[in-house]
Asker: 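Encoded as structure tokens, here's the structure I'll be asking about.
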Amino acid sequence: DAGVIQSPRHEVTEMGQEVTLRCKPISGHNSLFWYRQTMMRGLELLIYFNNNVPIDDSGMPEDRFSAKMPNASFSTLKIQPSEPRDSAVYFCASSHGLHYEQYFGPGTRLTVT
Amino acid sequence: AQRVTQPEKLLSVFKGAPVELKCNYSYSGSPELFWYVQYSRQRLQLLLRHISRESIKGFTADLNKGETSFHLKKPFAQEEDSAMYYCALSGDSSASKIIFGSGTRLSIRP
């Protein structure tokens with residue numbers, strides 16, 4: 001298994017543009033998490049899904065952020081419109097359940113200019 | 001409410017010196033505690049969990065319920081230990097998600 005797959009690995013965009021980050025969890029895992037990592041705030045949980053259903057999106061910073069999981073093998077995190085303060089590394093992680101070890105993807109480094 | 005506190009953003013020690021990364025938690029039940037590590041240019045990955053009671057790469061961590069702490073320790077630091085370390089907590093319900101601390105960057109000086 002290739003592990004959790006994220007794309008793109010790097011994204012540079014201009015302020016105001018829409019950004020879509022993609023994640024493919026490990027096959028068989030039924031929980032998926034989106035995190036944001038910055039120097040100032042460390043690792044922040046944005047949203048998580050269990051069996052494709054969003055369980056808690058209280059970490060999503062603003063309405064500009066949205067996430068979907070249309071099926072067990074794919075999830076997206078969208079930022080529209082993007083702002084420079086959204087620049088960060090965004091991680092996706094999956095696990096067998098909410099309570100279990102999480103397996104992280106390589107992350108997407110987003111730069112908004 | 002669940003909370004994980006890592007008071008140090010950065011910890012710098014000399015090679016061969018002892019290392020202790022602090023982690024304190026807040027949880028009313030019986031939590032499960034983890035340490036995750038992120039080496040440069042690598043994925044965040046699980047280092048150890050308290051229920052395993054094992055030593056990984058020379059690191060150990062003991063759950064102290066009285067002090068609500070789960071500090072990560074290693075008697076002799078090595079340069080390859082330089083990384084970002086996150087303490088994490090999961091509650092005792094099957095519906096509990098894992099909560100991460102803000103992380104400590106460990107830098108080992110030669």
Asker: Taking B:R49, B:Q38, B:M84 one by one, which has the highest count of heavy-atom pairs under 4.5 Å against chain A?
Answerer: B:Q38
Asker: Does one side chain, of A:R22 or A:S75, offer a donor that lies under 3.5 Å from an acceptor on the other?
Answerer: no
Asker: Measure A:L43 against the heavy atoms of chain B and call it side chain, backbone, both or neither at under 4.5 Å.
Answerer: both
Asker: At a 4.5 Å cut-off on heavy atoms, which part of A:N50 comes close to chain B: side chain, backbone, both, or neither?
Answerer: neither
Asker: Sort B:E32 into side chain, backbone, both or neither according to what part of it lies under 4.5 angstrom from a heavy atom of chain A.
Answerer: side chain
Asker: Identify which one of A:Y90, A:F104, A:F91 satisfies the ring pair (Phe, Tyr, Trp, His ring centres under 6.0 Å) criterion when paired with A:Y35.
Answerer: A:F104
Asker: So what's closer than 4.5 Å to chain A heavy atoms on B:R41: side chain, backbone, both or neither?
Answerer: neither
Asker: Could you tell me whether the side chain of A:Y48 and the main chain of A:A93 form a donor-acceptor pair under 3.5 Å?
Answerer: no
Asker: Should A:W34 and A:C23 count as side-chain neighbours, where that means a heavy-atom distance under 4.5 Å?
Answerer: yes
Asker: Between B:Q42 and chain A, which part of the residue has a heavy atom less than 4.5 Å away: side chain, backbone, both or neither?
Answerer: neither
Asker: Are the charged groups of B:D81 and B:K57 less than 4.0 angstrom apart, N to O?
Answerer: no
Asker: Measure from the side-chain N and O atoms of A:S87 to the backbone N and O of A:V112, and report whether any donor-acceptor pair falls under 3.5 Å.
Answerer: yes
Asker: Of the listed residues (A:G105, A:S31, A:G107), which shares the most heavy-atom pairs with chain B below a 4.5 Å separation?
Answerer: A:G105
Asker: For each of A:R41, A:E44, A:Q37, tally heavy-atom pairs with chain B at distances under 4.5 Å, and name the one with the top tally.
Answerer: A:Q37
